[in-house]
Amino acid sequence: MSEKALKIIKICFSFFIAFVLVFTSLFTYREHLAETYELTFLSSFIVGIFFAACAICLIFNKRVPQILYLCATILLLIVFFVCIAFSKQFQMSGGFAFLHIINPLLVLVYYLFLCDLSKTALKLVPTVAAIPLLYLAFVLIFGSVTGNYIYFFMNYEKVGIWYSVLFILGILAGIFLFGFALYYLNRLIQKILNKKRGI
């Protein structure tokens, strides 16, 4: 496959993902606008905007740091795994099935096969925890002010501070684990694909 053809595929798939993520997040939350602070909405919406921006950058031959794709993938996989683990507490039908399952898998496919982290330094991988940590800080501040901690495991007043701390540490450990695993998996897949392309 030529570089030009690959670029066209990346642009088209990026716009497709952007449309799916933004549309499904807005459509699903159209009757829940007061709850758009949830990570389920924010992750798909923000990553959708990110993919639209990336598509535009590709059109104008502007380089997108590949580590950002890993950050976007991890952000959606957090929603995927948390919602799968606590499926009884979360609504998984209709548009929420897209937000919880389909959207994360779409982004994962793009990341694994159309991104190339072969020139991305390993030391950048821990940055995948930046946005999740910012969101957790927001949840704590939002909960302290409004009494609504968004997710039950963050309500330390109800479940206990150690439960919340251990849950957060567990999430961070999972983020780092999957971050490094996906980093190496991407490099392995790209090595195989580049070999087939004769690069």
Side-chain angles (χ1 to χ4, degrees), residues 1 5-30 32 35-59 62-87 90-118 120 125 127-132 135 171 174-175 177-194 196-197:
M1 183 185 298
L6 183 60
K7 180 182 175 181
I8 292 172
I9 290 172
K10 287 182 178 181
I11 291 171
C12 292
F13 199 18
S14 292
F15 274 128
F16 172 73
I17 290 176
F19 172 77
V20 171
L21 268 61
V22 171
F23 176 79
T24 55
S25 57
L26 291 174
F27 181 80
T28 304
Y29 274 80
R30 69 192 185 283
H32 308 277
E35 299 170 5
T36 53
Y37 50 71
E38 294 180 347
L39 188 61
T40 301
F41 170 82
L42 291 174
S43 60
S44 279
F45 184 78
I46 292 172
V47 173
I49 298 298
F50 166 72
F51 267 89
C54 289
I56 294 170
C57 286
L58 286 169
I59 290 172
K62 301 295 183 181
R63 187 178 178 279
V64 178
Q66 299 297 285
I67 192 67
L68 295 180
Y69 286 103
L70 178 55
C71 293
T73 303
I74 290 293
L75 186 61
L76 283 177
L77 286 180
I78 291 171
V79 172
F80 176 82
F81 285 115
V82 170
C83 291
I84 293 299
F86 298 95
S87 57
F90 295 99
Q91 186 179 347
M92 297 289 284
S93 61
F96 285 100
F98 269 88
L99 301 181
H100 293 152
I101 300 171
I102 297 173
N103 291 357
L105 294 180
L106 270 176
V107 173
L108 178 63
V109 168
Y110 186 99
Y111 165 76
L112 290 176
F113 297 100
L114 294 176
C115 297
D116 188 352
L117 272 70
S118 59
T120 301
V125 176
T127 60
V128 300
I131 295 177
Y135 185 74
I171 290 176
I175 288 171
L177 177 65
F178 277 101
F180 283 105
L182 288 176
Y183 172 81
Y184 284 112
L185 182 58
N186 174 274
R187 289 167 67 95
L188 175 62
I189 291 173
Q190 291 307 311
K191 184 177 181 180
I192 294 171
L193 291 177
N194 288 336
K196 288 184 176 180
R197 296 177 193 138

(Q) Test side-chain contact (heavy atoms from CB on, under 4.5 Å) on L108 and L182; report intermediate values, then the result. (A) CA-CA 9 Å; L108 178 63; L182 288 176; 3.9 Å; yes
What is the minimum heavy-atom distance between [X] and [Y], and which atoms define it?
X	Y	result
K7	L58	CE-O, 2.8 Å
F15	I56	CZ-CG1, 4.2 Å
V128	C71	CA-SG, 3.8 Å
Q190	L112	NE2-O, 3.1 Å
N186	C115	ND2-O, 3.1 Å
A55	S14	CB-CB, 3.7 Å

[X] [atom1] to [Y] [atom2] distance, which is reported to the nearest 0.5 Å:
X	Y	atom1	atom2	result
L75	F80	CG	CZ	14.5 Å
H32	T40	NE2	OG1	11.5 Å
T73	I78	OG1	CD1	11.0 Å
F23	T28	CZ	OG1	8.0 Å
L106	S44	CG	OG	9.5 Å
T120	L70	OG1	CG	9.0 Å

Q) Are D116 and N194 close enough that some pair of their side-chain heavy atoms sits under 4.5 Å apart? A) yes
Q. Does some side-chain heavy atom of L6 sit less than 4.5 Å from a side-chain heavy atom of L114?
A. yes
Q. Given the side-chain rings of F96 and Y29, with only the six-membered ring counted for Trp, is the space between their centroids under 6.0 Å?
A. yes
Q. Under 6.0 Å between the ring centres of F98 and F27?
A. no
Q: Verify, without hydrogens or angle tests, whether N103 (side chain) and L76 (backbone) share a donor-acceptor contact under 3.5 angstrom.
A: no
**Q.** Intermediate values then yes/no, side-chain contact (heavy atoms from CB on, under 4.5 Å), L99 and V79
**A.** CA-CA 8 Å; L99 301 181; V79 172; 5.7 Å; no
Q.
side-chain contact (heavy atoms from CB on, under 4.5 Å) for F45 and L21? Distances and angles first, verdict last.
A. CA-CA 6 Å; F45 184 78; L21 268 61; over 6 Å; no
Q | Intermediate values then yes/no, ring pair (Phe, Tyr, Trp, His ring centres under 6.0 Å), F51 and F16 | A | CA-CA 9 Å; F51 267 89; F16 172 73; over 10 Å; no
Q. Y69 pairs by ring pair (Phe, Tyr, Trp, His ring centres under 6.0 Å) with which of F50, Y111, Y183, F113?
A. F50
(Q) Within a 6.0 Å radius of atom NZ on K191, are there more than 12 heavy atoms belonging to other residues, nucleotides or ligands? (A) no
